[in-house]
Amino acid sequence: MIVKFNKVLPHPIKELNYSNSLIWDRDIEFDSRNKYLVKAPSGTGKTTFLSIIYAIRRDYNGTVTIDDKNVLSLSPREIKKLRREHISIVFQGLKLFPELTAFENIEIKNKITHRYTKEEIYGFAERLGVLPLMERPADILSFGQRQRLALIRALCQPFDFLLLDEPFSHLDMDNAANCLSLICEECDKRGSGFILTTLGSDYGGNYDITLNL
């Protein structure tokens with residue numbers, strides 16, 4: 001999958017100083033065979049950037065194409081297919097259902113895709129240190145614990161690109177590195193890539209391309 005930005009400039013970013021950005025108002029492409037780290041301070045459009053690729057935000061100048069098809073021309077059915085089969089995301093706000101247990105939040109997606117068995121999901125949970133929490137309601141968990149659950153949920157579908165919006169903001173370096181290791185392994189197995197946004201840390205990862213937003 002190739003995502004191309006041609007002179008893309010979101011309306012809210014017009015009032016900011018984006019002269020040092022390697023993405024806004026430039027021609028750039030993102031190849032799903034690569035692992036990207038996108039660094040930016042708060043308020044410079046990290047969430048907007050990923051939301052544009054995920055076909056949520058439409059308030060921008062310029063053109064975004066996915067495999068040479070303009071994102072703004074996609075039908076609702078095509079967008080649904082894109083999100084179900086080609087692009088997965090960990091939202092900054094996570095979008096977990098607070099009244100459901102940790103496992104139920106993950107299983108909602110997994111029932112649609114049948115990607116993993118329950119044992120495999122619990123294996124991920126054990127690896128990320130949240131196995132004892134799987135039967136607890138999401139709303140009593142810490143934000144860092146919920147971040148790890150949202151990551152497992154995002155893995156429970158096919159994807160060419162995994163979008164990660166500051167996914168480790170509430171994790172210590174050891175837990176962040178553990179999550180990043182799992183992400184890299186899963187992407188390598190699938191031949192997929194990811195775009196990870198951060199305020200600045202690289203979490204000790206090896207990325208193919210690092211960009212400043």
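Here side chain to side chain donor-acceptor pair (under 3.5 Å) pairs that include residues 12-22, with residues two or more places apart or in two chains, are Asn17-Ser19. Legend: ring pair (Phe, Tyr, Trp, His ring centres under 6.0 Å) pairs involving residues 130-168, not counting sequence neighbours, sorted by first then second residue: Phe143-His170, Phe168-Tyr203. Listed by first then second residue, pairs satisfying side chain to side chain donor-acceptor pair (under 3.5 Å) with a partner in residues 125-138 read Tyr122-Glu135, Arg127-Ser181, Arg127-Glu185, not counting sequence neighbours.
Annotation: side chain of Pro137 is not in contact with side chain of Glu99 (no heavy-atom distance under 4.5 Å). Put simply, the side chain of Ile121 reaches to within 4.5 Å of the side chain of Asn110, judged on heavy atoms.
Using modelled atom types, one finds a donor on one side chain and an acceptor on the other under 3.5 Å when comparing Ser169 with Gln147. Thr65 and Asn70 are not linked by any side-chain donor-acceptor pair at a separation below 3.5 angstrom, with hydrogens and angles left out of the test.
Qualifying side chain to side chain contact (heavy atoms under 4.5 Å, CB included) partners for Pro12, counting only residues two or more places apart in sequence or in other chains: Pro10, Arg57, Asp59. With sequence neighbours left out, the salt bridge (Lys or Arg N to Asp or Glu O under 4.0 Å) criterion links Asp68 to Lys4. Every side chain to side chain contact (heavy atoms under 4.5 Å, CB included) that Leu100 has, sequence neighbours left out, goes to Phe97, Glu104, Asn105, Ile108.
Separation of atoms CD1 (Ile152) and CD1 (Ile106) is listed at 4.5 Å; rounding is to 0.5 Å. Separating the CD1 atom in Ile195 from the CG atom in Leu162 is a distance of 9.5 Å, to the nearest 0.5 Å. Separating the CG atom in Leu22 from the CD1 atom in Ile209 is a distance of 11.0 Å, to the nearest 0.5 Å. Atoms CD1 and CG, from Ile89 and Leu163 in turn, are 5.0 Å apart once rounded to the nearest 0.5 Å. To the nearest 0.5 Å, atoms CG (Leu171) and CD (Glu166) are separated by 12.0 Å. Interatomic distance, CZ of Phe124 versus CE of Met134, reported as 11.0 Å (0.5 Å rounding).
Relative ring orientation between Trp24 and Phe49 is described as perpendicular, the plane-to-plane angle rising above 60° on a 0-90° scale split at 30° and 60°.
Each of Ile52 and Leu196 belongs to its own hydrophobic cluster when Ile, Leu, Val, Met, Phe, Trp and Tyr are linked at side-chain heavy-atom distances under 4.5 angstrom. Grouping the Ile, Leu, Val, Met, Phe, Trp and Tyr side chains by contacts below 4.5 angstrom, directly or via other members, places Ile87 with Val64. Linking ILVMFWY side-chain heavy atoms closer than 4.5 Å, directly or via other members, places Leu133 and Leu94 in a single hydrophobic cluster. Cluster annotation: Ile56 and Ile23 are assigned to the same hydrophobic cluster (Ile/Leu/Val/Met/Phe/Trp/Tyr, side-chain heavy-atom contacts under 4.5 Å, transitive). In the hydrophobic clustering of this structure, Leu182 groups with Met173; members are Ile, Leu, Val, Met, Phe, Trp, Tyr whose side-chain heavy atoms approach within less than 4.5 Å, directly or through other members.
Residues Thr197 and Pro167 approach most closely at O-CD, 3.9 Å, considering heavy atoms. Minimum interatomic distance between Leu16 and Thr44 (heavy atoms only, all atoms of both residues): CD1-CA, 4.4 Å. In this structure, Gly193 and Cys187 approach most closely via the heavy-atom pair O-SG, 3.9 Å. Contact between Leu180 and Gly205 at its shortest, heavy atoms only, is CD2-CA, 3.5 Å. Across Arg83 and Gln157, no two heavy atoms sit closer than the pair O-NE2, 2.9 Å. Contact record, Arg190 with Pro158: NH1-CA, 3.8 Å, taken as the closest heavy-atom pair.
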Practice item. Could you please spell out the steps behind the side-chain hydrogen bond (donor to acceptor under 3.5 Å, both in side chains) verdict for Asn175 and Asn178? Key: CA-CA 5 Å; Asn175 275 309; Asn178 198 20; 5.0 Å; no

**Study point:** Derivation of the salt bridge (Lys or Arg N to Asp or Glu O under 4.0 Å) call for Lys69 and Glu78
**Key:** CA-CA 11 Å; Lys69 189 159 189 178; Glu78 288 172 318; 2.4 Å; yes

Exercise for review: Carefully, step by step, assess Leu211 and Lys39 under the rule side-chain contact (heavy atoms from CB on, under 4.5 Å).
Suggested key: CA-CA 6 Å; Leu211 299 165; Lys39 296 182 177 183; over 6 Å; no

Practice item. Carefully, step by step, assess Lys81 and Glu85 under the rule salt bridge (Lys or Arg N to Asp or Glu O under 4.0 Å). Key: CA-CA 6 Å; Lys81 180 179 175 65; Glu85 299 179 12; 2.8 Å; yes

Exercise for review: Could you please spell out the steps behind the side-chain contact (heavy atoms from CB on, under 4.5 Å) verdict for Asp165 and Val90?
Suggested key: CA-CA 6 Å; Asp165 192 0; Val90 176; over 6 Å; no

Practice item. Go through Tyr207 and Tyr36 one step at a time and tell me if the ring-ring contact (aromatic ring centres under 6.0 Å, His included) criterion holds. Key: CA-CA 6 Å; Tyr207 306 92; Tyr36 294 87; 9.7 Å; no

Check your understanding: Are Leu151 and Leu164 close enough, and set up right, to give a side-chain contact (heavy atoms from CB on, under 4.5 Å), and what steps lead you there?
Key -> CA-CA 9 Å; Leu151 170 57; Leu164 302 145; 4.2 Å; yes

Exercise for review: Report the C-alpha separation of Leu82 and Ile66 in whole Å, then their side-chain angles, then the decisive distance to 0.1 Å, and conclude whether the side-chain contact (heavy atoms from CB on, under 4.5 Å) test is met.
Suggested key: CA-CA 10 Å; Leu82 178 75; Ile66 296 179; 3.9 Å; yes

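At least one donor-acceptor pair closer than 3.5 Å links the side chain of Arg58 to the backbone N or O of Leu72. For Asn61 (side chain) and His11 (main-chain N/O), no donor-acceptor pair under 3.5 Å exists by modelled atom type. Distance alone, capped at 3.5 Å, places no donor-acceptor pair between the Asp25 side chain and the Val8 backbone. Thr113 places a side-chain N or O within 3.5 Å of a backbone atom of Cys156 that can act as its donor or acceptor partner. Panel note: side chain Ser32, backbone Met1; a donor-acceptor pair is recorded below 3.5 Å. Arg148 places a side-chain N or O within donor-acceptor distance of the main-chain N or O of Leu128, the cut-off being under 3.5 Å. Lys46 contributes a side-chain N or O that, together with a main-chain N or O of Pro41, makes up a donor-acceptor pair within less than 3.5 Å. The backbone N or O of Ala154 lies less than 3.5 Å from a partner atom in the side chain of Ser88, making a donor-acceptor pair.
Ion pairing between Lys7 and Asp27 holds under the 4.0 Å rule for side-chain N and carboxylate O. Between Arg33 and Asp160 there is no salt bridge, since none of the side-chain N atoms of the basic residue sits less than 4.0 Å from a carboxylate O of the acidic one. Classification of Glu186 and Lys189 as a salt-bridged pair holds, one side-chain N sitting under 4.0 Å from a carboxylate O.
A cation-pi arrangement is present between Lys95 and Phe91, with the terminal nitrogen or guanidinium carbon under 6.0 Å from the aromatic centre and inside a 45° cone about the axis. A cation-pi contact, defined as under 6.0 Å to the ring centre and within 45° of the axis, is absent between Arg26 and Phe5.
In the displayed structure, Asn206 atom CG is contacted under 6.0 Å by at most 12 heavy atoms of other residues, nucleotides or ligands.
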